[in-house]
Amino acid sequence: MPVEFLTDEQAAAYGAFAEVPMRSELERFFYLDDVGRDLIALRRTKSHQLGFALQLTTVRYIGLFLEDPLNVPWPVVEYLAEQLRIEDPSCVKDCIRRK
């Protein structure tokens, strides 16, 4: 995709979180509805459920999947973990490890 029309700063920020989403953005883009929860529930472990939720909602927010799915502000992880009733949000780090 040509990016000549973007400034260097805009090109560097493309496909990434520029800042921590505000509460209203969390509620709009990172809210898990029943359909999302059903898809997430198909994942075996809590870490995979949270990782899947991150991908599902990140693509909603910035319009593409991140190369590193954990390259998100921590409040996003905590907000999703709270909705999924995952007590330890740091378990998400296990979702990218191959077993």
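In what follows, residues are counted from 1 in the order of the sequence shown.
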*Asks:* If you measure from CG on Leu50 to CD1 on Ile86, what distance do you get to the nearest 0.5 Å?
*Replies:* 4.5 Å

*Asks:* What pair of heavy atoms forms the shortest contact from Leu70 to Lys93, and how long is it?
*Replies:* CD1-CA, 3.8 Å

*Asks:* Please answer whether the main-chain N or O of Ala53 pairs with a side-chain N or O of Arg43 as donor and acceptor at a distance below 3.5 Å.
*Replies:* no

*Asks:* Would you compute the distance between atom OG1 of Thr57 and atom CD1 of Ile40 and round it to the nearest 0.5 angstrom?
*Replies:* 7.5 Å

*Asks:* How many angstroms lie between atom CG of Leu80 and atom OG1 of Thr58, to the nearest 0.5 angstrom?
*Replies:* 7.5 Å

*Asks:* How about CG on Asp33, more than 12 heavy atoms from neighbouring residues, nucleotides or ligands closer than 6.0 Å, or not?
*Replies:* yes

*Asks:* Scan residues 17-28 for pairs that pass side-chain hydrogen bond (donor to acceptor under 3.5 Å, both in side chains), counting only residues two or more places apart or in two chains.
*Replies:* Arg23-Glu27, Glu25-Tyr61

*Asks:* Hey, quick one: are Leu26 and Trp74 part of the same hydrophobic cluster, counting side-chain heavy atoms closer than 4.5 Å, chains of contacts allowed?
*Replies:* yes

*Asks:* Can you tell me how far CZ of Arg37 sits from CG of Leu42, rounded to the nearest 0.5 angstrom?
*Replies:* 14.0 Å

*Asks:* Quick one: closest heavy-atom pair of His48 and Cys95, and the distance?
*Replies:* NE2-O, 3.8 Å

*Asks:* To the closest 0.5 Å, what do you measure between CG (Asp38) and CG (Leu32)?
*Replies:* 11.0 Å

*Asks:* Could you walk me through whether Leu54 and Val72 pass the side-chain contact (heavy atoms from CB on, under 4.5 Å) test, one step at a time?
*Replies:* CA-CA 8 Å; Leu54 272 175; Val72 299; 3.8 Å; yes

*Asks:* Phe17 and Asn71: which non-hydrogen atoms are nearest, and at how many Å?
*Replies:* CD1-O, 3.8 Å

*Asks:* Taking all non-hydrogen atoms of both residues into account, name the closest pair between Leu66 and Ala16 and its distance.
*Replies:* CD2-CA, 4.4 Å

*Asks:* Compare every heavy atom of Leu84 with every heavy atom of Gln49, then report the nearest pair and how far apart it is.
*Replies:* O-CD1, 4.1 Å

*Asks:* How many angstroms lie between atom CE of Met22 and atom CZ of Phe29, to the nearest 0.5 angstrom?
*Replies:* 10.0 Å

*Asks:* Could you identify which residues cluster with Val59, counting Ile, Leu, Val, Met, Phe, Trp and Tyr as linked when any side-chain heavy atoms lie under 4.5 Å apart, either directly or through a chain of such contacts?
*Replies:* Phe65

*Asks:* Could you tell me which non-hydrogen atom of Pro21 sits nearest to which non-hydrogen atom of Phe30, and how far apart they are?
*Replies:* CG-CE1, 4.1 Å

